[in-house]
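Right, I'll just put the structure down here and ask away after.
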Amino acid sequence: MPDSTPAPVYLDHAATSPVRDEVLEAMLPFFGPRFGNPSSTHRWGREARVALDEARERVAGTLGARADEICFTSCGTEGDNMAVLGVWHARRLGGRNAVVASAIEHKAVLGAIHCAAREGAVERLVSANSDGVVDLDAAAESIRDDVAVCSVMWVNNETGVVQPMEGIAEVAKSAGAVFHTDAVQAFGKVDVNASRQPYDLLTVSGHKIGAPKGIGALFIRRGTKLEPLMHGGSQDRGRRPGTENVAFAVGLARAMELASSEREGESTRLRALRDALEAAILQRLPDAVIHGRAVERAAHVSNVSVPGAESEALLMGLDLQGIAASGGSACQSGSIGASHVLEAMGVAPEVARCAVRFSLGPLSTPDLVERTATALAAVAARARAVAGVMA
């Protein structure tokens with residue numbers, strides 16, 4: 001008998017996306033005949049060096065940057081830590097001992113900020129409003145002439161809300177602070193161009209855009225002082241010692257080129273799907289809350305709370321229906337609780353605990369809309385019934 005099980009629906013692209021065929025094809029030679037170490041001087045090493053240098057040039061091209069401003073990393077978390085701690089270490093003895101971030105940052109940035117504070121830094125977190133937008137006035141109050149580095153993400157990973165990156169960057173520059181933006185959820189979704197945008201450092205991560213897990217990049221504008229977090233080699237101009245991951249750098253370059261060239265068309269496609277999904281959910285669950293809906297959002301993220309149905313029950317129920325979603329940042333999976341992002345937005349705890357993040361991407365097609373909305377309504381009804389019985 002033919003299998004009547006419906007195809008699974010993957011709505012967790014903000015956590016990770018599949019490796020693109022074009023990316024894998026570009027990488028494969030470097031797992032085989034082109035296996036050399038780019039620091040070696042023989043022909044195998046020279047061949048690897050050429051590939052690495054070309055990958056750096058191509059990544060720089062997608063960011064409107066110069067090749068020497070690109071540092072390959074293992075992931076977005078490493079890039080965020082390099083930016084925050086590297087700059088703070090380089091500037092703290094010059095009278096700039098404070099570090100600033102928004103309260104809605106990814107834990108990669110918040111963790112680095114807290115680490116600096118444990119080492120003696122002055123920590124300041126900037127508030128966001130109820131729509132999830134960082135408050136520019138609060139930023140201006142926090143970013144003073146004692147600030148070494150300020151970090152504010154471009155697109156929030158839990159709500160998709162686009163932050164006023166350029167306005168905050170100007171505030172930081174006027175105070176003499178170095179400005180970093182985590183663009184892990186922004187690259188390929190919004191226009192990113194270092195030649196005409198005011199950030200000093202910018203983080204990207206490969207596995208959000210069709211490259212493998214384990215590769216990312218940090219843009220470091222020329223003249224920005226940054227101390228390395230690791231020591232022991234001269235690779236990457238001494239900023240990140242260690243043998244470079246040539247295959248993954250090549251894959252990142254190809255993925256970033258594809259994401260950049262397809263950005264406008266893909267954003268239009270995903271926005272239509274997201275809006276249709278939200279409309280279908282609200283039709284079935286009129287009391288559902290869509291966080292950040294009133295302000296500009298990147299096209300691929302929808303964060304929905306269903307009051308009375310906690311996140312864990314919703315996610316488990318959806319998974320049993322073959323639908324993958326998340327409770328917020330995938331990096332915090334294993335302990336589903338109220339999101340720190342929603343809490344910082346002032347969302348009531350009983351609503352924040354009922355949030356699900358749907359994130360769209362290359363695997364998303366129009367047929368997911370009705371199926372996902374119908375499944376969510378059914379799962380929410382069961383979760384509410386159980387909660388009512390247990391109350």
Legend entry - Value rounded to 0.5 Å, distance of CG in N81 from OG1 in T73: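 Rounded to the nearest 0.5 Å, the CG-OG1 separation comes to 10.5 Å.
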
Inset, instruction - Please go through M230's hydrophobic cluster and name the other residues, only I, L, V, M, F, W, Y counting, with side-chain heavy atoms under 4.5 Å joining them. - result: none

Legend entry - Pairing residues for K213 by the side-chain contact (heavy atoms from CB on, under 4.5 Å) criterion, not counting sequence neighbours: T16, H207

Legend entry - No-hydrogen, no-angle side-chain donor-acceptor test under 3.5 Å, D182 and T203: no

Inset, instruction - Could I get the full list of side-chain contact (heavy atoms from CB on, under 4.5 Å) partners for R118, not counting sequence neighbours? - result: H114, C115

Validation: residues 21-39 side-chain donor-acceptor distances under 3.5 Å, sequence neighbours left out:
residue: E22; atom: OE1; partner: R20; partner atom: NE; Å: 3.4
residue: E22; atom: OE2; partner: R20; partner atom: NH2; Å: 3.2
residue: N37; atom: OD1; partner: S39; partner atom: N; Å: 2.9

Inset, instruction - Please identify each residue that fulfils side-chain contact (heavy atoms from CB on, under 4.5 Å) with R269, with sequence neighbours left out. - result: E266, L273

Output side-chain donor-acceptor pairs under 3.5 Å for residues 282-295, partner residues at least two apart or in another chain, one line each.
residue: R284; atom: NE; partner: T374; partner atom: OG1; Å: 3.2
residue: R284; atom: NH1; partner: A280; partner atom: O; Å: 3.0
residue: R284; atom: NH2; partner: E370; partner atom: OE1; Å: 2.5
residue: R284; atom: NH2; partner: T374; partner atom: OG1; Å: 3.4
residue: D287; atom: OD1; partner: R384; partner atom: NH2; Å: 3.2
residue: D287; atom: OD2; partner: R384; partner atom: NH2; Å: 2.7
residue: H291; atom: NE2; partner: S305; partner atom: OG; Å: 2.8

Legend entry - Results of ring-ring contact (aromatic ring centres under 6.0 Å, His included) for H300 - residues two or more places apart only: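 ring-ring contact (aromatic ring centres under 6.0 Å, His included) check on H300 returns nothing, list empty.
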
Inset, instruction - Linking directly or through intermediates, with side-chain heavy atoms under 4.5 Å: list the remaining ILVMFWY members grouped with L363, chain and number order. - result: Y10

Legend entry - With sequence neighbours excluded, residues passing ring-ring contact (aromatic ring centres under 6.0 Å, His included) with F219: Y199

Inset, instruction - List in chain and number order the residues that pass salt bridge (Lys or Arg N to Asp or Glu O under 4.0 Å) with R222, two or more places apart in sequence or in another chain; answer none if no residue qualifies. - result: D68

Inset, instruction - Using modelled atom types only, decide if a donor and an acceptor are shared between the side chain of S339 and the backbone of L342 within a distance under 3.5 Å. - result: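 Yes; judged by distance alone, with no hydrogens or angles, the pair exists.
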
Legend entry - R371/D367 ion pair, N-O < 4.0 Å: no

Legend entry - Within residues 132-149 or reaching into it, pairs that qualify as side-chain hydrogen bond (donor to acceptor under 3.5 Å, both in side chains) - sequence neighbours excluded: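 The answer is R124-D146.
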
Inset, instruction - Check side-chain contact (heavy atoms from CB on, under 4.5 Å) between N245 and all other residues, then give those that pass, not counting sequence neighbours. - result: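 Per chain and number, N245 pairs via side-chain contact (heavy atoms from CB on, under 4.5 Å) with A247, F248.
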
